[in-house]
Number of protein chains: 2
Amino acid sequence: MSKTYSISELASEFDVTTRSIRFYEDQELLHPSRRGQTRIYSSKDRVRLKLTLRGKRLGFSLAEIRELFELWDETRSGSEKQLHLMLSKISERKAALEQQMKDITMVQLELESAEIRCRQALEELNEKHPATSK
Amino acid sequence: MSKTYSISELASEFDVTTRSIRFYEDQELLHPSRRGQTRIYSSKDRVRLKLTLRGKRLGFSLAEIRELFELWDETRSGSEKQLHLMLSKISERKAALEQQMKDITMVQLELESAEIRCRQALEELNEKHPATSK
DNA sequence: AAACAAGTTTACGTTAACGTAAAGCTGCGA
DNA sequence: TCGCAGCTTTACGTTAACGTAAACTTGTTT
């Protein structure tokens, strides 16, 4: 009997609304079981939620995330065709992530130089209008 | 007289629609001048478009990108208060980017192991059902 | 028994970022 | 002068990812 979670437990742990979690289920990203009408989330569901949120932070749509989940699940029983499809999807994603890495590096550089420019402007201000002792 | 661009030149260079470019102007991300009623884009506009698209790939909203542009412009003539605000915004962005870097690294690892699992499944298939000579 | 907390379904509303006509000006090569 | 390519404005439509409200069940605390 591995651990299970209620919807509000997951909601507060990952700081999302229960509405979102139910929506993700609607989009077939999560598949909680039920006790009566109440949803019960397994640790697999928890992992999926975590992955979903991570994917979102990276700009993936829910549809894309779902696609990756499905491909992953099909891998075990996949035909050769399916497996090759999966591999190509994977390398697709890899390329996108590498592009994103580059983008981040560029923006970080720009932020660096912006910060320097900012600090210089501050210094110039302090020369003309020096600080009140202290 | 530095170089200028038409809207369709920029559109094809960056592979976006003219509709998007006009929309970005509407959101005050670009400020092209006019000759008659026709828009003329400076190289500054071009840079801004490039930065905009990069920001989008990183999941920034147009409003956020605009905010950064405005802060950047205000830096030259900024008061001490403005400059400190800018610095805090910058470090905010930096933190977000670092989080994204971590996310990307995690997903890359997951994709790696998915790829390995995929290749193993393929090998197992080929053992049971070996390739037709060649 | 009453009320409260936590869950549920159903369904309409909202925002961002464009897409997609429709209708009109403008220079210019045949 | 015609027509076309490229630009313009205006405006309504669309999709994703939820927000928000209403009305209901279910368990448990007072």
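We use all heavy atoms of the structure for the numbers below, so side chains are in, but hydrogens, waters and symmetry mates are not. Because the structure is predicted, anything quoted here is derived from the model rather than measured. Just so it is clear: chains get the letters A, B, ... in the order the sequence lines come, proteins before strands, and each one is counted from 1.
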In whole angstrom, give the distance that lies between atom CD1 of Ile40(A) and atom C1' of dA6(C). 14 Å

Without hydrogens or angle criteria, can the side chains of Ser88(B) and Ser91(B) be said to hold a donor-acceptor pair below 3.5 Å? no

I need the CG-P distance between Asp26(A) and dT9(C), as an integer number of Å. 10 Å

Taking the basic N atoms (NZ, or NE/NH1/NH2) and the acidic carboxylate oxygens, is any pair closer than 4.0 Å for Glu110(A) and Arg54(B)? yes

Does the distance from a Lys or Arg side-chain N to an Asp or Glu carboxylate O, for Arg34(A) and Glu25(A), drop under 4.0 Å? yes

Quick one: does Asp73(A)'s side chain have a donor or acceptor within less than 3.5 Å of a partner on Glu70(A)'s backbone? no

So what does Arg34(B) hit on the nucleic acid, given a heavy-atom distance under 4.0 Å: a base, only sugar-phosphate, or nothing? sugar-phosphate

Whether each nucleotide of nucleotides 11-27 of chain D has a protein heavy atom under 4.0 Å at its base (B), only at its sugar-phosphate (S) or at neither (-) is summarised, 5' to 3', as B-----BBBB-------

Listed partners of Leu122(A) passing side chain to side chain contact (heavy atoms under 4.5 Å, CB included), at least two apart: Glu80(B), Leu83(B), His84(B), Leu87(B)

Taking only side-chain nitrogens and oxygens of Ser6(A), does any of them come within less than 4.0 Å of OP1 or OP2 of dG7(C)? yes

In terms of side-chain geometry, is the basic nitrogen of Lys102(B) or Glu98(B) positioned less than 4.0 Å from the acidic oxygen of its partner? no

Is Arg22(A) close enough to dT8(C) that one of its side-chain N or O atoms is under 4.0 Å from OP1 or OP2 there? yes

